[in-house]
Amino acid sequence: MAEAVLHVYRGDAQGGGLKEYRVPLEEGMVVLDAIHHIQGHQAPDLAVRWNCKAAKCGSCSAEVNGRPKLMCKTRMDAYPAGEPIVVQPMKTFPIVKDLVTDVKWNYEVNKKIPPFTPKQNAEWRWKQEDIDRVQEFRKCIECFLCQDVCHVLRSHRRTDAFAGPRFLVRVAGLEMHPMDAGNRATFLKDEAGIGLCNITKCCTEVCPEDITITDNAIIPLKERVVDEHYDPLRKLFRLFAGKKEP
Amino acid sequence: MAQRAQAAPAATERLGSTDRRDAWWLAPALTALGLTVLGAYSFWAALQNAHYEFGPYLSPLYSPKVVAPWWPLSPALLILIPPVLFRATCYYYRKAYYRAFFLDPPACAVGELHLGKYAGERKFPFVLQNLHRFAFYLAFVWLFFLWHDVWKALWFDGRFGIGLGTLVILASTGTLTLYTFSCHSFRHLAGGGLDCFSCSAAARTRHGLWTKLTVLNGHHMGFAWISFFAVTFADVYVRLLSLGVLHDVRFL
Ligand code: SF4
Ligand code: SF4
Ligand code: FES
Ligand code: FES
């Protein structure tokens, strides 16, 4: 039977390295199957987080051959036969053990987002075309692969000042909601740090839900921030009209 | 066991360090090459101040044709300010040059240059990218001049005609129009800024426009490249005609 060679990261906050495992290849096998085989037959102490094996819970995020991936959605036959497949934990978050990282920073960021603010005295009805945009953002499974790959967090380590693409997607879902009365432009500029995103689109490249994060969420939000904070004509208009334009 | 530092702080990351096995460097290298070649040619052509006209054809790099006696250099250096601002602040080109020239990042999950504390588009000069919509307004006006050139390229000594040059100039203006109309800022201004698309007749009209612009916007990168090629090619063609190297083909 054909075999696959995997180099899996083993270690914790104190350090570690790649360890080689050999796993029998089966048709349709995904990387998570191989990891489970290793766990079941060779290394019962191998730590891995997973839940659904259907690309829907967002738990099994890791880096396969250096690219952020859901292990359960990454087929073994996508890689050249005979070459080792390297499986490592997400690099941006602190490691707990082996393939498991601590993603709690994300939940802290989430709490800071001004919540859905329903319009007062409005009829609670809307049309499909009003909600299409928002539905794209609701596909998010919170795998945090976009947070992992975003260079603002990964390389520049600006967790102090940047919410990351996942949460810009969430804000976009609130801002563009037809029944939401909130305005998060100042939050986006000052607290979510949207200006730190240089629209290099790595988040869009890795999103397993194919959310067009940069084009449909981040750029439209940047434009809303421009409306509110950078566009001198709009500022003048507001000054003379004494109110916000529609 | 190969050692690997976890969550390496920025200071220890080296440019190009990655566990990726694919040719991640290819896309930024091609982008850098394409932008350098097209940019360098356009700059050279803009400096020439000669051979930008032939018969009814005007190179798009010199359109609109202006006479500015107070300006000692090539008029193209003035004429091109709006188009250059438009492209330099374009959301697509920003991605392209931040990756290919600033290596920030060169590719996804690849180590980058660390020059001081990262500020993205928050500080001068990059904070000015927020004014892209004003470059769009100018570029929109430029389209009128460029379509006027297409019209002029249909008349040979007062008689209607179509030459290869007409088609070359049409391709340049046509692709520039697609590029301009697929702009992210335009998409926002047209309707993207609305929260409710169905709440008024005006909103419904803007939603219709936004939907069409969204389709165009999906091809913005393609239009950015094709239009840059087409503009450059139109200049090359007119220049070669003017130099007598080529002879125009007339279809009508
Ligand atoms: S486009 Fe912005 S948010 Fe997305 S990965 Fe790049 S810098 Fe991060
Ligand atoms: S936006 Fe996409 S990549 Fe980011 S957390 Fe959601 S599903 Fe994952
Ligand atoms: S196990 Fe649920 S997304 Fe992979
Ligand atoms: S021209 Fe590219 S985004 Fe406006």
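Only this structure's heavy atoms are used, side chains among them; waters, hydrogens and symmetry mates stay out. Letters go in sequence order (proteins before strands), and every chain restarts at 1.
Looking at heavy atoms from C-beta onward, B:R21 lies out of side-chain contact with A:R67 at the 4.5 angstrom threshold. Side-chain contact between A:R234 and B:R133: present, with at least one pair of heavy atoms (C-beta onward) separated by less than 4.5 Å.
Crowding of B:M221 atom CE: a count of heavy atoms from other residues, nucleotides or ligands under 6.0 Å not exceeding 12. Residue A:K235 qualifies as enclosed at atom NZ: its count of foreign heavy atoms under 6.0 Å is above 12. Atom CZ of B:F101 sits in a crowded spot, with more than 12 heavy atoms from other residues, nucleotides or ligands closer than 6.0 Å.
Residue A:I199 holds its CD1 atom at 11.0 Å from CZ of B:R99, rounded to the nearest 0.5 Å. Going from atom CD of B:E121 over to atom CD1 of A:I194 covers 10.0 Å, rounded to the nearest 0.5 Å. Interatomic distance, B:T214 OG1 to A:N216 CG, rounded to the nearest 0.5 Å: 7.5 Å. Atom CG in A:L18 sits 7.5 Å away from atom CG in B:D19 (nearest 0.5 Å).
Evaluated for a side-chain contact (heavy atoms from CB on, under 4.5 Å) with B:Y91, the options A:I219, A:I218, A:D215 yield exactly one hit, A:I219.
Look at B:R20 and A:E205 and you find no salt bridge, because none of the NZ, NE, NH1 or NH2 atoms lies under 4.0 Å from a carboxylate O.
Residues of residues 113-132 of chain A lying under 4.5 angstrom from chain B, judged on non-hydrogen atoms, are A:K127, A:E129, A:D130 by number. Of all residues spanning residues 172-185 of chain B, those with a heavy atom less than 4.5 Å away from chain A's heavy atoms are B:H184, B:S185, arranged by number.
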Under 3.5 Å, which donor-acceptor pairs link side chains of residues 102-113 of chain B to any protein atom two or more places apart or in another chain?
from: B:D104; atom 1: OD1; to: A:H151; atom 2: ND1; distance (Å): 3.3
from: B:D104; atom 1: OD1; to: A:H156; atom 2: NE2; distance (Å): 3.0
from: B:E112; atom 1: OE1; to: A:H151; atom 2: ND1; distance (Å): 3.2
from: B:E112; atom 1: OE2; to: A:H151; atom 2: ND1; distance (Å): 3.4
from: B:E112; atom 1: OE2; to: A:H156; atom 2: NE2; distance (Å): 2.3

Identify all side-chain donor-acceptor contacts of residues 31-40 of chain B below 3.5 Å with residues at least two apart in sequence or on another chain.
from: B:T31; atom 1: OG1; to: B:A27; atom 2: O; distance (Å): 2.8
from: B:T36; atom 1: OG1; to: B:A32; atom 2: O; distance (Å): 2.5

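Neither the backbone nor the side chain of B:F126 comes within contact range of chain A; no heavy atom of the residue lies under 4.5 Å from a heavy atom of that chain. For a residue to count as touching a neighbouring chain, one of its non-hydrogen atoms must lie under 4.5 Å from one of that chain's; by this rule A:R158 touches chain B with the side chain only. In this structure, chain A has no heavy atom under 4.5 Å from any part of B:K123. For a residue to count as touching a neighbouring chain, one of its non-hydrogen atoms must lie under 4.5 Å from one of that chain's; by this rule A:C197 touches chain B with the backbone only. Using a 4.5 Å cut-off between heavy atoms, A:E83 contacts chain B through its side chain alone, with no backbone atom that close.
Listed for the B:Y118 side chain is no donor-acceptor partner under 3.5 Å among the backbone atoms of A:R157.
Among A:R224, A:M176, A:H177, the residue with the largest count of heavy-atom pairs under 4.5 Å with chain B is A:R224. Across A:C150, A:P68, A:G193, A:P178, the residue that shares the most heavy-atom pairs under 4.5 angstrom with chain B is A:P178.
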Item to check | A:K222 and B:Q129: CA distance, side-chain angles, deciding distance, side chain to side chain contact (heavy atoms under 4.5 Å, CB included) verdict | outcome: CA-CA 10 Å; A:K222 278 190 176 244; B:Q129 309 277 30; over 6 Å; no

